[in-house]
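Computed from a predicted structure; not experimentally measured.
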Amino acid sequence: MAATGGSVLYQVAEALGASEPALRLILSIFLGYPLALFQRYFQFKKEPSHIHLFNTLTGLGIAYFNFGSQLYHSLLCVVLNFLILRLMGRTMTAVFTSFCLQMGYLLCGYYYTATDNYDIKWTMPHCVLTLKLIGLTFDYYDSSKDKESMTEEQMRYAVPGVPSLMEVCGFSYYYGGFLVGPQFSMCSYLKLVRGELTDVPGQRPNSIEPAMKRLSLGLFCLVIYTVFGPMLPDSYFLTDEYANKPFWYRCAYVPIWGKVMLYKYVTCWLVTEGVCILSGLGYNGKDDTGRVRWDACANMKVWQYETTPLFTGTIASFNINTNAWVARYVFKRLRFLGNKAISQATALFFLAIWHGLHSGYFVCFSLEFLIVIVERQAMDLIRDSPLLSQISSIPILRPIIYVVQQCIHWLFMGYPLVPFCLFTWDKWLKVYSSVYFVGHLFFLLLLFALPYLRRVLVPRKDKQKSQ
């Protein structure tokens with residue numbers, strides 16, 4: 001909805017130093033908790049059509065509160081995808097049509113609404129919806145395959161029956177995942193509606209405590225971002241003050257800024273995960289010890305995210321469900337190419353264009369591709385080299401190695417985030433020029449140096465074994 005200078009929300013947002021759309025977004029995310037409580041106590045094991053209607057109406061209400069009449073974009077795509085399922089059935093034509101329609105609509109939305117700044121507009125939840133609807137079409141198509149030709153994962157997510165319009169709407173507008181995710185399958189949603197996602201069969205799930213833990217953690221991250229975010233604005237990169245700082249300062253600002261900036265995403269995902277857990281959607285069975293797991297909708301592994309010294313560790317702990325979606329419906333579907341590197345590059349290209357059309361997204365994910373390749377080569381070298389393996393296993397050196405790894409990790413983890421947040425080439429190029437493209441040079445140097453180091457440090461028999 002358009003901000004109005006005299007509205008109460010506008011005045012509150014001004015007092016908090018935030019924009020009105022940002023305030024509407026955070027209020028909508030927290031609104032999921034009373035909605036989940038209502039569904040938990042008044043709709044558990046009730047008529048499925050009533051639950052679908054509740055989820056649809058609350059989701060549409062949240063969409064109207066945030067984007068006004070522009071909610072028609074999501075409604076149109078949901079209805080069109082339903083018609084694709086009905087009219088085209090379980091065919092590859094349906095998958096192709098859904099993919100092209102949903103991605104095409106999203107990219108047109110980006111093209112006509114994009115600015116040089118990060119704006120909260122209808123395309124933000126629509127990118128989440130796009131993945132949901134494409135994934136639904138894939139899962140519906142998979143159910144037509146012979147079980148012998150399906151993977152275990154495909155069997156788990158396959159949608160055997162024809163979804164009704166109410167089911168598709170309820171799945172699409174579920175209040176716990178409409179705005180910022182997480183991604184979940186139609187099968188999980190229908191289990192939630194039937195009351196099957198519970199640790200006590202036939203009774204409401206014991207999910208209040210785990211939900212409150214995620215909410216508390218989300219609030220803690222919100223405090224961190226609220227306190228430190230204004231001190232480290234994106235715009236500072238483009239100021240003369242930043243350009244005139246010493247080289248070491250310009251480099252050090254990047255990882256500190258990147259670390260704090262990511263907390264706005266961490267906050268949203270933790271809070272929405274709590275909503276999903278409270279409603280029951282977060283139930284993920286039990287582990288080998290019989291302990292109940294509530295991580296089905298987890299988008300963050302917070303401990304791993306905060307402690308891992310590896311780039312791949314951070315990637316594996318951040319935006320988990322979106323990464324899992326891309327792995328399931330893009331990366332693994334490209335096995336026919338017979339080349340893992342090409343499949344991975346294609347998946348990262350999809351992620352880049354799914355985020356938007358700005359050049360910064362493509363630079364960010366291309367750097368991620370380069371960093372992951374270099375890190376894997378470095379880890380293989382350490383594993384295969386007797387000398388490096390021995391050094392890395394010395395107990396007294398492990399803390400020192402860990403600290404060095406973390407410094408390198410966060411220095412160059414923040415580096416790809418610069419174009420991701422600044423969007424346009426003139427902005428991110430200015431920043432990279434000010435630090436003399438240090439990240440590019442570092443990883444390109446390693447990319448060419450590691451094969452030479454392998455020839456020097458790895459015995460020939462180990463080289464043949466690794467090959």
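Applying the salt bridge (charged side-chain N to carboxylate O under 4.0 Å, His left out) criterion to Arg333, with sequence neighbours excluded, gives Asp142. Remark: Phe331 pairs with no residue by the ring pair (Phe, Tyr, Trp, His ring centres under 6.0 Å) rule, at least two apart or across chains.
Crowding of Met379 atom CE: a count of heavy atoms from other residues, nucleotides or ligands under 6.0 Å not exceeding 12.
Aromatic ring pairs are classed by plane angle as parallel below 30°, tilted from 30° to 60° and perpendicular above 60°; the pair Tyr265 and Tyr118 is perpendicular.
Relative to the ring axis of Tyr283, Arg293 does not place its NZ or CZ within 45° and under 6.0 Å from the centre. Geometric assessment of Lys132 against the ring of Phe171 yields a positive cation-pi assignment under the 6.0 Å and 45° thresholds. For the pair Lys245 and Tyr242, the cation-pi test (distance below 6.0 Å, angle within 45°) is failed.
Side chains of Thr113 and Asp119: a donor-acceptor N/O pair is absent below 3.5 angstrom, by distance only.
With hydrogens and angles disregarded, a donor-acceptor distance shorter than 3.5 Å links the side chain of Trp354 to the backbone of Cys127. Checked by atom type and distance alone, the side chain of Thr314 never pairs as donor or acceptor with a backbone atom of Tyr305 at under 3.5 Å.
Applying the side chain to side chain donor-acceptor pair (under 3.5 Å) test to pairs two or more places apart or on separate chains, those with a residue in residues 432-444 are Tyr415-His440.
Within the 4.5 Å cutoff, the side chain of Phe420 has no heavy atoms near those of the His358 side chain. Taking 4.5 Å as the limit, every side-chain heavy atom of Asn299 sits out of range of all side-chain heavy atoms of Glu273.
The existence of a salt bridge linking Lys301 and Glu306 is excluded, since no basic side-chain nitrogen approaches an acidic carboxylate oxygen closer than 4.0 Å.
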